[in-house]
Amino acid sequence: MNFSLTRRHALALPLQALALPEAIAATSSPIPPASIHFGPNFNFGVSSSAYQIEGAVQQDGRGPGIWDVFCHQPGHISKGQNADIACDHYHNMPADVALMAQAGIKNYRFSVSWPRLFPDGNNIPNPQGFAFYDRLVEQLQKHGITPWLCLYHWDLPQALQDKGGWTNRDTSARLGEFAGYVSHHFKDRIAHWMILNEAAVHSMFGYGMGSHAPGLRGKDSWFAALHHLNLGQGLSIQALRANNVPGRIGTVACCEPIRSSTNNQADLAAAQRFDAIWNGSVLKPLFHGAYPEQVQEEFAPLCQTGDLANIHQKIDLLGVNYYNRLHIRADPASPIGANFGPTQEPARFTVMGWPIEPDGIFEILTHIHNTYGKPEIFISENGYATADDSKVSDIDDMGRITFISDHLNFVKQAIDSGVNVSGYFVWSMLDSFEWNDGMKWHFGLVKVDFTTLERTPKRSYFWYADLIRQNAARTLQASNP
Ligand code: FCB
């Protein structure tokens, strides 16, 4: 099977697509922050995930997770890198929180590491693991930053993977228990709960295409993982409700409009199928209690009585991760007959090969609003990569500023047309470990030197701080004319 492609790379990139981000910056000038005004209740924030930043993988009783194991098997990660140290946020946490506070960032979405909290994937907690997140929440609160806690961002304890991981139905119940335990511990301090990060991405790359941990390939493991993630999410929501969690409960999905790479019948059909899996098989069972018609057959053998009712839970808000539209072509070598393909129209790309399509955020927000009963949405991730060899653009990151401000403009248009969007979180605060690409791509508002661990705020950090300040100032002006 030929699955060298990872994530959302568009195939057959035209050469100029690999130009440095400055080229992009030069062609469109950033919009000054003051032109994007969102009002007093809008939540600007930043997002991260445990494995990508924490490091300290063997410290204070943390157990091995699937990413630890995957990274240490040769050939999986670019340049043989791993996140054993990553940003060493575990030891630099107070300074990292202070950096957020200095930028006036008021909301921080982070994930807790399951292997740090329950090293063996059973129900024996690790007090030192809980103590770390206690300290984190305390620091955030000290600085007036609201914590948005995500329970699961892809780092399954290896002990559970040894029993089949997400291909094993029992893992759904384990997630539910984990959610119950963590929510009991933090419920008085956390007002925003997210259950999963991107079930579609985790199941596709981890259990279908094999480029992410745990590296499984094939259609059966792919669909099983997706169904069990959905089920685990439903059980977790119920566990939080049973604990009378006073905060708001939601989840995070990667939602992106799908386009066919050509107008050929085969590609058009592949794109439809891909859409039914990537977007539909996450949102439809959650909001409507059913899988999309195109893929019902695949899920049928996995769905036991009551599963769809367990998945179909009321949520208070939906986190939408958006980076670009996905361009899809037919590919008989793919377990689902579809794969990433080139864009039909000439496009701009980030250095990573992801198309830059800010209007796609308007399209997906409007689609979710119209299809799934107008849920409250926040953009839980959106961001722009530079490469680790473009030192100057790493700090003077005009490309990132343009990218964020262009997306915010379309978010604003969606709000103006009635979509209920209450926040926008940049991915990410820090340059961090970018999964199978290692440290190759840098998404941070703050540069991290992975040798010295020194943090250097980039131009975008100051720009974002300004945007938040000006939004607050304009809000004040508007309320005291
Ligand atoms: C998202 C992931 C996040 C990060 C960004 C770039 O799909 O949720 O961890 O890797 O992509």
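Numbering of ligands and ligand atoms starts at 1, following listing order. In this text the structure is predicted, and so the values were computed from the model without any measurement.
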Is [Y] paired with [X] through a side-chain N to carboxylate O contact shorter than 4.0 Å?
X	Y	answer
Asp397	Arg459	no
Arg325	Glu363	yes
Lys447	Glu454	no

Between ligand 1 and [X], is the shortest N or O to N or O distance under 3.5 Å?
X	answer
Ser49	no
Glu198	yes
Trp354	no
Trp427	no

Out of all atoms in ligand 1, which are within 4.0 Å of some heavy atom of [X]? Include the element for each.
X	result
Trp435	3 (C), 4 (C), 9 (O), 10 (O)
Gln52	3 (C), 4 (C), 9 (O), 10 (O)
Asn197	8 (O)

inquiry  = Just to be sure I read this right, does ligand 1 sit under 4.0 Å from the backbone of Val201, its side chain, both, or neither, counting only heavy atoms?
reply    = neither

ask   = What are the two closest non-hydrogen atoms of Ser113 and Glu54, and how far apart are they?
value = CB-OE1, 4.0 Å

inquiry  = Among Phe178, Phe130, Tyr133, exactly one meets ring-ring contact (aromatic ring centres under 6.0 Å, His included) together with His185. Which residue is that?
reply    = Phe130

request  = Not counting sequence neighbours, which residues clear ring pair (Phe, Tyr, Trp, His ring centres under 6.0 Å) with Phe378? List them please.
outcome  = Trp148, Phe425

key: For Phe287, all residues meeting ring pair (Phe, Tyr, Trp, His ring centres under 6.0 Å), sequence neighbours excluded   = Tyr372

task = Between Glu256, Glu381, His202, His212, flag the one that comes closest to atom 2 (C) of ligand 1 by a heavy atom.
result = Glu381

inquiry  = On a heavy-atom basis, I'd like to know which of Phe443, Tyr323, Trp154, Tyr51 is closest to atom 5 (C) of ligand 1.
reply    = Tyr323

note = Exactly one candidate in Val282, Ile336, Ile258 meets side-chain contact (heavy atoms from CB on, under 4.5 Å) with Ile277; the answer is Ile336

message = So is Trp441 touching ligand 1 or not, going by heavy atoms under 4.0 Å?
response = no

